[in-house]
S.K.: 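Got a structure for you, questions after.
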Amino acid sequence: MSAQLKVYNSLTRQKEIFKPINEGAIGMYVCGPTVYSDVHLGNCRTFVSFDVIYRYLLHLGYKVRYVRNITDVGHLEGDVDTGAEDKISKKAKLEQLEPMEVVQKYMNGFHDMMAVFNTLKPSIEPRATGHIVEQIEMVQTIIDNGFAYEKNGSVYFDTVKLAKEGDYGKLSGRIIEDLLVETRDLKNQQEKRHPSDFAIWIKAAPEHLMHWNSPWSVGFPGWHLECSAMSTKYLGNNFDIHGGGNDLKFPHHENEIAQNHGACNCQPANYWLHTNMLLMNGKKMSKSIDPETGISNSIAPEELFTGDNPNISKGYSPMIVRFFMLQSHYSSTLDLTDGALSAAEKAYRRLMEGNKILQELAHPGKESAGDLDKEVNELIDLAYAEMSDDFNAPKALARLFELVPKINGLKAGHLAFDQITADTIEKLKATFNTFIFDIFGLQDDTVAGGGDGEYETLDGLMQMVIKIRQSARENKDWGTADTIRDTLKALKLQLKDGKEGTAWSKE
RNA sequence: GGUCGGGUGGCCGAGUGGCUAGGCUCAGGUCUGCAAAACCUGCUACCGCGGUUCGAAUCCGCGUCCGACCUCCA
């Protein structure tokens with residue numbers, strides 16, 4: 001735990017020194033997906049970003065309770081007042097499934113995708129439908145505290161009252177007067193006192209599939225309520241970190257803050273972290289077809305892996321995609337292009353290859369803390385310091401890349417081992433393993449996949465082939481040697497002739 | 001229309017007042033039977049116009065373009 005951890009807090013709009021409420025422990029809540037369709041690649045970026053944050057907090061030695069919810073009711077499409085429809089409900093009708101079948105289907109898909117991206121599972125993954133009781137209780141408390149009112153079976157949060165007594169709009173920078181002016185069709189606003197008020201309990205229309213009994217009506221909770229209720233239940237009234245995509249800042253997170261204020265006059269999270277959007281070819285991903293090119297500016301994760309999409313020239317493995325995401329800061333937009341992905345692929349290979357070489361380096365013994373030793377130590381320290389500076393993964397990654405030539409140089413003999421100590425070499429090995437696998441959460445897919453001895457089998461085979469080729473080379477039988485090399489290349493296995501023999505790797 | 005955040009070299013992407021990441025691409029070289037890999041070397045950029053400053057990619061103003069959200073429209 002070298003440097004002080006700093007985070008950019010969306011709430012205060014500045015970088016702050018991170019201080020957990022309880023020494024050594026952190027409560028973190030991240031808004032999870034609404035499981036009404038296949039997981040969007042942009043969502044994957046958000047969860048990969050928080051996975052790196054989670055991993056780094058764990059690395060720092062914190063005990064982290066990471067709560068990420070599943071929204072399986074209440075997320076509406078359109079406006080409540082004008083006959084909006086629950087996303088899950090709508091899908092259920094469309095696919096002629098039970099709402100819970102829809103939820104299960106897409107939740108499974110989401111979990112599979114999270115595993116593919118090698119994200120750690122959250123400590124608790126609560127579902128909105130499993131916390132209806134807590135939500136009803138919270139609605140009642142908010143009413144009792146005078147921050148909500150019931151009308152025709154629905155309950156609305158009184159934003160104007162909060163604006164007078166607290167500060168509604170603080171997170172998103174919205175001003176209540178502006179929100180009030182943004183009124184349109186008044187006839188649809190009959191139930192609300194103010195246009196900026198939002199529903200926390202909604203009376204169900206007869207055709208609505210998902211509904212529960214409550215003191216006000218047979219209905220269902222408003223979308224924003226679940227996060228307030230569940231974060232309070234598992235992390236308490238006041239916890240450390242709340243995260244999510246920045247498209248959730250308003251209204252979702254703003255309203256969460258309002259609800260918590262209304263329920264207990266407290267501020268839910270001390271630090272709000274927001275990830276930025278993933279673009280494609282410079283634009284927001286959109287499923288609609290471009291009339292000029294005839295293709296849509298969107299891609300599903302699976303298509304990204306298989307290459308089955310007109311926006312890319314080939315498939316990129318999940319780890320390449322994860323690496324690609326690590327090259328930008330979580331709070332910046334990231335532009336997905338074929339060129340950027342193929343650059344990431346090469347860089348990823350180079351890093352993995354560098355690590356493999358590093359782990360096999362053995363210090364010959366004659367050592368001194370020379371310039372090289374100093375440089376390597378400085379780069380290692382910098383990498384940690386930058387990761388502690390608002391989780392700056394791209395910067396930390398850059399340090400690793402600055403270390404790769406040193407590793408290669410030592411192996412090739414350009415750099416002298418007597419300029420570096422054995423301890424530093426060991427520290428470097430540990431640093432690379434820690435960053436690549438523990439913090440960045442990458443896996444090496446340049447070796448054979450699967451595990452279970454597959455790699456050993458393949459390696460044994462390769463060693464045999466390399467031996468055969470070597471004897472052909474010694475006999476100057478270039479034809480045989482090249483045929484072996486070309487055949488392997490076609491199988492995406494690359495041979496690398498070096499001074500100390502031939503190595504191989506998967507392309 | 002409103003709120004917020006951005007425009008960095010051929011491409012992606014860090015960087016917030018002087019020391020100017022990293023990856024990919026490209027060019028030259030070393031090594032090598034050839035190639036690949038590896039290594040070495042080269043490539044100095046910050047949307048436009050003003051301003052502040054000894055000094056600005058970095059701060060301020062205006063313009064412009066892009067994105068997200070809230071609207072509007074459909």
Side-chain angles (χ1 to χ4, degrees), chain A residues 8 10 13 15 42 79 169-185 195-196 198 245-254 274-286 288 320 323-351 353-354 357 379 382-383 386 389-390 392-415 472-479 481-482 485-486 488-489 493-500 502-505 507:
Chain A
Y8 180 83
S10 303
R13 286 159 218 267
K15 219 180 259 183
D79 195 331
K170 189 180 176 190
L171 177 70
S172 57
R174 265 152 236 265
I175 299 158
I176 192 82
E177 283 77 13
D178 293 343
L179 291 171
L180 293 177
V181 171
E182 281 167 15
T183 315
R184 60 278 187 202
D185 214 343
S196 56
F198 58 93
N246 77 171
D247 53 338
L248 295 178
K249 252 192 206 174
F250 188 88
H252 186 59
H253 291 159
E254 195 67 71
H274 286 98
T275 58
N276 215 132
M277 299 294 103
L278 180 69
L279 306 178
M280 184 181 232
N281 300 318
K283 286 186 210 138
K284 184 192 177 185
M285 286 196 205
S286 160
S288 56
I320 292 169
F323 178 90
F324 166 70
M325 291 172 176
L326 288 166
Q327 282 183 302
S328 73
H329 189 78
Y330 73 85
S331 66
S332 299
T333 52
L334 173 60
D335 193 11
L336 185 97
T337 60
D338 192 54
L341 283 169
S342 94
E345 174 171 30
K346 290 190 179 151
Y348 165 74
R349 296 245 144 85
R350 182 151 185 249
L351 181 66
E353 202 53 40
I357 291 167
L379 285 169
L382 268 177
E386 286 161 346
D389 184 11
D390 198 23
N392 201 326
K395 256 187 148 180
L397 236 194
R399 299 307 165 202
L400 260 43
F401 272 105
E402 286 183 72
L403 286 161
V404 167
K406 317 267 182 229
I407 293 165
N408 289 328
L410 281 169
K411 194 205 174 195
H414 299 293
L415 295 174
R473 290 177 75 201
E474 278 160 14
N475 295 327
K476 299 213 194 293
D477 180 2
W478 309 129
D482 291 354
R485 190 172 67 198
D486 295 345
L488 289 174
K489 176 126 180 104
L493 294 164
Q494 191 185 47
L495 292 183
K496 299 174 200 177
D497 296 328
K499 279 198 177 124
E500 295 123 41
T502 303
W504 69 277
S505 70
E507 258 184 36

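In the text below, chain A, chain B and the rest are named by the order of the sequence lines, each starting its count at 1. In this text the structure is predicted, and so the values were computed from the model without any measurement. Note that these values count all heavy atoms, side chains included, but never hydrogens, waters or copies made by symmetry.
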S.K.: Specify the residue among A/Asn246 and A/Asp389 whose closest nucleotide of RNA chain B lies further upstream toward the 5′ end.
M.R.: A/Asp389
S.K.: Once you round it to whole Å, what is the distance between C1' of B/U3 and CG of A/Asp247?
M.R.: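 Taking atom C1' of B/U3 as the reference, CG of A/Asp247 is at 15 Å.
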S.K.: Pick the C1' atom in B/G10 and in B/G2, then give their distance to the nearest Å.
M.R.: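 The same atom, C1', in both gives a distance of 38 Å.
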S.K.: Please answer whether the main-chain N or O of A/His274 pairs with a side-chain N or O of A/Asn246 as donor and acceptor at a distance below 3.5 Å.
M.R.: no
S.K.: Taking pairing as Watson-Crick or G-U wobble with both contacts under 3.5 Å, can you name the mate of B/G17, or confirm there isn't one?
M.R.: none
S.K.: With C1' as the reference atom in both, quote the distance from B/C59 to B/C46 in angstrom, rounded to an integer.
M.R.: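 Rounded to whole Å, the distance is 16 Å.
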S.K.: Ion pair present between A/Asp482 and A/Arg485, side-chain N to carboxylate O less than 4.0 angstrom?
M.R.: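 Answer for the salt bridge query: yes.
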S.K.: Quick one: sort the A/Phe401 and A/Phe323 rings into parallel, tilted or perpendicular, breaks at 30° and 60°.
M.R.: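 The rings of A/Phe401 and A/Phe323 stand perpendicular, inter-plane angle above 60°.
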S.K.: State the pairing partner of B/A38; accept Watson-Crick or G-U wobble contacts with both distances under 3.5 Å, and report none otherwise.
M.R.: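 Matched B/A38 with B/U30 under the 3.5 Å cut-off.
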S.K.: Can you tell me the Watson-Crick or wobble partner of B/C11, both distances under 3.5 angstrom?
M.R.: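 Paired with B/C11, as far as the under-3.5 Å criterion goes, is B/G23.
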S.K.: Could you let me know what B/A68 is paired to, Watson-Crick or G-U wobble, both distances under 3.5 Å, or none if it's on its own?
M.R.: B/U3
S.K.: Suppose we call a contact any N or O donor and acceptor under 3.5 Å apart; does that hold for the side chain of A/Arg485 and the base of B/A35?
M.R.: yes
S.K.: Rounding to a whole Å, what distance do you find between A/Asn276:CG and B/C69:P?
M.R.: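 Distance, rounded to whole Å: 11 Å.
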S.K.: Strictly by modelled atom types, are A/Ser331 and A/Asn276 linked by a side-chain donor-acceptor pair under 3.5 Å?
M.R.: no
S.K.: To the nearest Å, how far apart are A/Arg399 CZ and B/A14 C1'?
M.R.: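 Rounded to the whole Å, the gap is 9 Å.
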S.K.: Report the distance from atom CG of A/Leu400 to atom C1' of B/A21, rounded to the nearest whole Å.
M.R.: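 The distance from CG of A/Leu400 to C1' of B/A21 comes to 13 Å, rounded to the nearest Å.
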S.K.: Would you indicate which nucleotide in B/G33, B/A14, B/A35 comes nearest to any side-chain atom of A/Trp478?
M.R.: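 Ranking B/G33, B/A14, B/A35 by closest atom to the A/Trp478 side chain puts B/G33 first.
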S.K.: Looking only at the side chain of A/Leu279 (C-beta and beyond, no hydrogens), which of the listed nucleotides B/C39, B/G67, B/C12 gets closest?
M.R.: B/G67
S.K.: Using purine N1 to pyrimidine N3 plus N6-O4 or O6-N4 for Watson-Crick, or N1-O2 and O6-N3 for G-U wobble, each under 3.5 Å, what pairs with B/C43?
M.R.: none
S.K.: Take atom P in B/U8 and the same atom in B/C47, then report the distance between them in whole Å.
M.R.: 7 Å
S.K.: To the nearest angstrom, how far is A/Glu254 atom CD from B/C69 atom C1'?
M.R.: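 Spelled out: CD on A/Glu254 to C1' on B/C69 is 12 Å.
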S.K.: Between A/Phe401 and B/G23, do the rings stack, that is, sit under 5.5 Å apart with planes less than 30° off each other?
M.R.: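 A/Phe401 vs B/G23: stacking no.
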S.K.: In whole Å, what separates the C1' atom of B/G6 from that of B/C12?
M.R.: 16 Å
S.K.: With salt bridge (Lys or Arg N to Asp or Glu O under 4.0 Å) as the test, would you mind laying out the steps for A/Arg350 and A/Glu353 before giving the verdict?
M.R.: CA-CA 5 Å; A/Arg350 182 151 185 249; A/Glu353 202 53 40; over 6 Å; no
S.K.: Who does B/U52 pair with, Watson-Crick or G-U, both distances under 3.5 Å?
M.R.: none
S.K.: What is the distance, to the nearest angstrom, from the CG atom on A/Leu334 to the P atom on B/G5?
M.R.: 20 Å
